[in-house]
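All figures in this text were calculated on a predicted structure; none of them were measured in a lab.
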Amino acid sequence: MSQHHHTENNIQHLYEGDQSKLYSGVMQHHTDISSAESRKQVGRIWKVFWILLAVTIVEVILGMFFSYSIPKGFLNSMFLLLTLFKAGYIVSVFMHLGDEVKSFLITVLIPLTLFIWFIIAFLADGGFWLHMNSTAPMR
């Protein structure tokens with residue numbers, strides 16, 4: 001149980017001001033910053049930092065040392081997968097999508113996936129028509 005009781009105005013102030021206090025868990029145990037809960041939050045942030053750093057280092061090593069020895073298609077696929085992993089992990093942790101229930105995840109991810117498919121389909125269709133117009137005989 002928290003030692004502080006927040007009034008309606010204090011909570012409204014947090015919503016309008018610095019919202020990181022609402023979502024980081026600091027509001028629940030802000031009286032004891034060295035508590036187990038606060039250490040858990042800090043440990044989670046460091047874990048995210050190290051995972052993102054490791055993926056970024058892998059990307060840099062692939063780009064610097066293996067860009068000429070690995071086929072371009074495979075290398076581009078690796079960069080795409082690593083970038084999608086980092087984006088998904090950031091959305092999961094910092095936008096709290098990883099803490100949501102599965103029905104909300106499905107509600108968000110299915111339209112996003114369809115939108116990405118929509119963009120790829122239109123780019124492919126536009127490329128096809130561009131190729132057809134540039135190679136078709138003159139009328």
Side-chain angles (χ1 to χ4, degrees):
M1 194 81 174
S2 177
Q3 295 176 352
H4 285 32
H5 294 286
H6 294 278
T7 63
E8 186 89 16
N9 290 336
N10 287 344
I11 293 175
Q12 183 67 28
H13 171 71
L14 288 174
Y15 276 111
E16 294 173 354
D18 184 14
Q19 294 188 0
S20 65
K21 292 177 184 173
L22 286 173
Y23 300 116
S24 66
V26 172
M27 186 175 162
Q28 295 174 351
H29 19 262
H30 61 280
T31 57
D32 185 15
I33 199 69
S34 62
S35 68
E37 293 294 324
S38 295
R39 285 190 205 153
K40 183 179 172 185
Q41 291 286 339
V42 172
R44 185 175 182 204
I45 291 171
W46 278 111
K47 178 183 169 190
V48 169
F49 170 77
W50 289 115
I51 289 173
L52 292 176
L53 179 68
V55 172
T56 303
I57 287 174
V58 168
E59 286 177 335
V60 169
I61 288 173
L62 281 174
M64 289 182 70
F65 300 114
F66 297 103
S67 62
Y68 293 109
S69 61
I70 296 177
K72 288 285 185 193
F74 180 74
L75 190 65
N76 290 342
S77 299
M78 290 295 296
F79 280 128
L80 182 65
L81 288 175
L82 290 172
T83 302
L84 286 176
F85 171 76
K86 285 193 332 186
Y89 192 65
I90 288 170
V91 167
S92 171
V93 173
F94 292 116
M95 297 176 76
H96 306 279
L97 205 55
D99 299 331
E100 296 295 335
V101 294
K102 288 193 180 226
S103 60
F104 182 72
L105 287 176
I106 291 170
T107 304
V108 170
L109 292 179
I110 286 179
L112 178 65
T113 305
L114 291 175
F115 184 70
I116 292 171
W117 171 76
F118 177 76
I119 290 173
I120 291 171
F122 271 96
L123 286 174
D125 190 50
F128 172 76
W129 282 105
L130 180 65
H131 177 72
M132 289 293 290
N133 286 337
S134 64
T135 58
M138 297 295 286
R139 293 182 205 167

Are V58 and F49 connected, step by step, through hydrophobic side chains (Ile, Leu, Val, Met, Phe, Trp, Tyr) whose heavy atoms are closer than 4.5 Å? yes
Does M78 belong to the same Ile/Leu/Val/Met/Phe/Trp/Tyr cluster as F65, with side-chain heavy atoms less than 4.5 Å apart forming each link? yes
Atom CG of L114 and atom CD1 of I110: how far apart are they, to the nearest 0.5 Å? 7.0 Å
Which value, rounded to the nearest 0.5 Å, describes the distance between T107 atom OG1 and L112 atom CG? 12.5 Å
List for me each residue that meets side-chain contact (heavy atoms from CB on, under 4.5 Å) alongside K86, sequence neighbours excluded, and say none if there are none. L52, V55, T56, E59
Mind checking what makes side-chain contact (heavy atoms from CB on, under 4.5 Å) contact with L75, not counting sequence neighbours? L62, S67, I70, F79
Separation between CD1 (I51) and CD1 (I90), nearest 0.5 Å, reads 11.5 Å
Listing request: all salt bridge (Lys or Arg N to Asp or Glu O under 4.0 Å) pairs with a residue in residues 126-136, at least two apart in sequence or in separate chains. none
Residues joined to I45 in its hydrophobic cluster, side chain to side chain under 4.5 Å directly or through other members, sorted by chain and number, are none
Which residues pass the side-chain contact (heavy atoms from CB on, under 4.5 Å) test with F118, not counting sequence neighbours? F115, F122
Among all residues two or more places apart in sequence or in another chain, which pass the ring pair (Phe, Tyr, Trp, His ring centres under 6.0 Å) test with Y89? F85
Working to the nearest 0.5 angstrom, can you tell me the gap between L123 CG and L130 CG? 11.5 Å
I'd like to check the side-chain contact (heavy atoms from CB on, under 4.5 Å) partners of I57; sequence neighbours left out, ordered by chain and number. L53, I61
With sequence neighbours excluded, residues passing ring pair (Phe, Tyr, Trp, His ring centres under 6.0 Å) with F128: none
Would you kindly confirm whether L81 and F74 end up in one hydrophobic cluster when ILVMFWY residues are joined by side chain heavy atoms under 4.5 Å apart? no
With side chain to side chain donor-acceptor pair (under 3.5 Å) as the rule and sequence neighbours excluded, what pairs involving residues 118-130 come up? D125-W129
Same cluster or not: are V93 and L82 linked, directly or through other Ile, Leu, Val, Met, Phe, Trp or Tyr residues, by side-chain heavy atoms under 4.5 angstrom apart? yes
Would L80 and L109 show up in the same hydrophobic cluster when neighbours are defined by side-chain heavy atoms closer than 4.5 Å? no
Return each pair, listed once, that meets salt bridge (Lys or Arg N to Asp or Glu O under 4.0 Å) where at least one residue sits in residues 60-75; pairs must be two or more places apart or across chains. none
